[in-house]
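All heavy atoms count here, side chains included; hydrogens, waters and symmetry mates do not.
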Amino acid sequence: MADEKKKTPVKKEAEGKKEPEVKKEAPVKKEEAPVKKGVLSWYFNFNLLYRILIGLVLGALLGIILGEKMLWIAPLGALFVRLLKMIMMPIIFSTLVVGAASISPAKLGKVGIRVVLFYLVTSAFAVFVGLVMGSIFRPSAEMGALVAGAAGKAAAKTPVSTVLLNIIPTSIAQAVVNETVLQVIFFAIIFGIGISYLNISKEKRLKTAGETLIVVFDGVAEVMMRMVTGIMQYAPIGVLALVAEVFAKQGSKVAGSLAVVTIACFLGYAIHVVLVYGGMLMVNKLSIKRFFRDAKDPFITAFVTRSSNGTLPVTIESAKRLGIPRDVYSFSLPLGATINMDGTAIYQGVCAIFISLTVTGANFTLGQMGMIIVTATLASIGTAGVPGAGAIMLLMVLESVGLPVVEGSAVAGAYAMILGIDAILDMGRTALNVTGDLVCTTVVSKNMGLLDQKAWE
Ligand code: ASP
C-alpha cells in the first residue's frame with residue numbers, strides 16, 4: 001500500500017527516467033507543456049524557480065522605487081494567499097488519510113515502528129534546531145506600516161492538559177470550518193488507520209470499502225497535487241505582488257532580515273546533518289564518508305528538483321548501492337518521502353520565529369515553542385514531497401500559535417516575505433528531507449542486522 005504514496009504526479013514523472021537527474025525538473029515542465037504555443041508561452045516555458053526569483057527581485061525593486069504607487073498590486077498578492085489557503089485543508093486531510101492508511105497494521109511491525117519513530121523523533125529535533133537557530137539569529141523586519149491584524153498570543157496561558165485535550169475534536173466539521181489544524185490532523189490519522197484495518201479485514205465487504213476509500217482519498221490527494229502545481233504557476237506574480245506591497249510600505253529595510261532568515265535556515269540544515277545524521281551513522285559504526293559517496297546523488301537531485309517524491313527513484317538507487325535490503329527501502333523510502341521532512345521542520349521553526357518577532361516584536365514562550373514542535377512535526381507528516389509544500393504547512397504552524405495569515409494583516413506581510421525566498425529555502429530543506437530518509441533507512445537496516453556489510457567495505 002505504500003505504493004499508493006508513489007502515485008503523485010511528480011513521482012510518475014520521475015519514474016522511468018534513469019538518466020540525467022537534472023531532467024527531474026520535469027514536473028514543472030509537464031504542466032507548462034500544454035501552453036507551449038500560446039501568447040503566454042514565454043512565461044510558462046520558463047523555469048518556475050527562476051520566474052519566482054525574478055518575481056521576488058522585481059517586486060522588491062518596484063516596491064522600493066515606486067513606493068506607495070505600487071500599492072494597487074496588493075489584490076494580486078491577496079489572490080495568491082487565498083488560493084494557497086483554499087487548498088490547505090483538503091491537502092492535509094487527503095494526504096494524511098492516504099499516508100496513515102498506507103501503513104498496514106501488519107507492517108507496523110518491527111521495521112515499521114522503528115522507521116516511523118526515527119522519522120518522528122528526528123523531525124521533532126529538527127524543529128527544535130530551527131527554533132534554536134531562530135532564537136539565536138532573531139531575524140525580524142520592521143513592519144510598523146503594515147496593518148496590524150495579527151491575533152495576540154492568547155494561547156500562551158492555556159494549561160498543557162487543555163492544549164493536549166484540544167488536539168481531539170468534539171466535532172470534525174467544526175474543526176475543519178474553524179481551521180483547527182491539529183484537530184483535523186488527529187482525525188485524519190485515526191481515520192486513515194481505521195481504513196488500514198478495513199483493508200486487512202477477511203470480510204470482503206469491509207475490504208472493498210477500505211480499498212475504495214483509499215482510492216477516493218488518493219484521488220483527492222492527486223487532484224490537490226495538480227492544483228498545487230497550477231497555483232504555483234501563479235506564484236511568480238503572487239510573490240511579485242506580495243513583495244512589492246511589503247517593500248512599498250517598508251523600503252529596503254527588510255532585505256537584510258531575509259538574508260538572516262536564509263543564513264539561519266541553512267546553518268540549521270548543516271547542523272542537523274552533522275549532529276543528527278553524522279551522530280546516528282557514527283553511533284551505528286557506519287562510515288560517514290562511505291554514506292555520502294552514494295547519498296550525494298539524491299542530495300543533489302533533491303536540491304535541484306525541490307521534490308522528495310521526484311527524487312525517490314534516485315534515492316532508491318542509492319539505497320541499493322548502500323546494501324539496504326529491498327523489504328526495508330521499499331517501505332521506508334516512499335513513506336519517508338511523504339512523512340519525514342527534517343529540512344521542512346527546521347525551516348518552519350526559523351520562519352515562525354521570524355514572523356513572530358516581526359509582527360509582535362517578541363519571541364515565543366516555551367509553551368508556544370512546544371506547540372510549534374508538535375504542530376510542525378505533524379505538519380511535516382502531512383507535507384507532500386513537492387516543491388513549495390512546506391510553505392503551505394507553515395500556515396498551519398502559524399495558526400496553532402495564534403498568528404493566522406489574514407489578508408492585509410502584518411502576519412500576511414511577513415509570510416509574504418518568506419514566500420519570496422521560499423524557493424531558495426526549499427532547495428536546502430528538500431535535500432535534507434531526502435538525506436534524512438536515507439540515513440534512517442540505513443540505520444534501521446544496520447540495527448536489525450539486515451545491512452549488506454560487503455557494500456560498506
Ligand atoms: N519541497 C519539499 C520536499 O519535497 C517539501 C517542502 O516544501 O518543504 O521535500
Side-chain angles (χ1 to χ4, degrees), residues 78 81-101 127 149-198 209-210 212-214 216-221 223-225 227-228 231 339 348 352 355-356 359 364-365 367-384 389-409 411-412 415:
V81 173
R82 291 189 83 106
L83 285 170
L84 289 178
K85 288 206 76 177
M86 176 183 77
I87 54 166
M88 184 182 88
M89 276 295 166
I91 224 175
I92 183 149
F93 197 79
S94 57
T95 50
L96 263 180
V97 167
V98 178
V127 192
K153 300 196 161 195
K157 286 186 199 115
T158 323
V160 181
S161 58
T162 316
V163 171
L164 291 178
L165 273 176
N166 276 344
I167 296 176
I168 301 157
T170 47
S171 152
I172 182 61
Q174 211 171 43
V176 172
V177 171
N178 295 340
E179 296 187 354
T180 318
V181 183
L182 259 185
Q183 297 187 347
V184 177
I185 289 178
F186 180 83
F187 182 80
I189 292 176
I190 303 282
F191 189 71
I193 293 175
I195 294 178
S196 73
Y197 272 97
L198 286 190
T212 312
L213 280 172
I214 287 207
V216 169
F217 281 101
D218 192 34
V220 175
V223 174
M224 288 305 136
M225 294 307 161
M227 286 171 76
V228 170
I231 291 170
I339 75 163
Q348 292 184 334
I355 291 171
S356 177
V359 175
F364 295 111
T365 61
Q368 285 177 313
M369 290 201 184
M371 181 56 128
I372 291 178
I373 291 180
V374 174
T375 321
T377 305
L378 295 175
S380 71
I381 299 174
T383 306
I392 297 171
M393 296 307 146
L394 181 59
L395 294 172
M396 303 175 16
V397 173
L398 293 173
E399 296 237 12
S400 75
V401 283
L403 292 171
V405 176
V406 179
E407 295 163 51
S409 69
V411 181
Y415 179 73

Non-hydrogen atoms of [X] and [Y] that approach each other most closely:
X    : Y    : answer
I195 : G210 : CG2-O, 3.5 Å
Q183 : A175 : OE1-CB, 3.4 Å
S400 : T375 : OG-OG1, 3.2 Å
M224 : S94  : CG-OG, 4.1 Å

To the nearest 0.5 Å, tell me how far [X] [atom1] sits from [Y] [atom2].
X    : Y    : atom1 : atom2 : answer
T377 : I339 : OG1   : CD1   : 11.0 Å
L83  : M227 : CG    : CE    : 8.5 Å
L398 : I355 : CG    : CD1   : 4.5 Å
I392 : I231 : CD1   : CD1   : 7.0 Å

Can you classify the ring geometry of F93 versus F217 as parallel (below 30°), tilted (30 to 60°) or perpendicular (above 60°)?
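Ring orientation, 0 to 90° scale: tilted.
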Show, in sequence, the C-alpha distance, side-chain angles and deciding distance for L395 and Y415, and conclude whether the side chain to side chain contact (heavy atoms under 4.5 Å, CB included) test is met.
CA-CA 9 Å; L395 294 172; Y415 179 73; 3.6 Å; yes
Considering the options V97, I168, I172, which one meets the side chain to side chain contact (heavy atoms under 4.5 Å, CB included) requirement together with F187?
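Going through V97, I168, I172 one by one, the side chain to side chain contact (heavy atoms under 4.5 Å, CB included) with F187 is satisfied by I172 alone.
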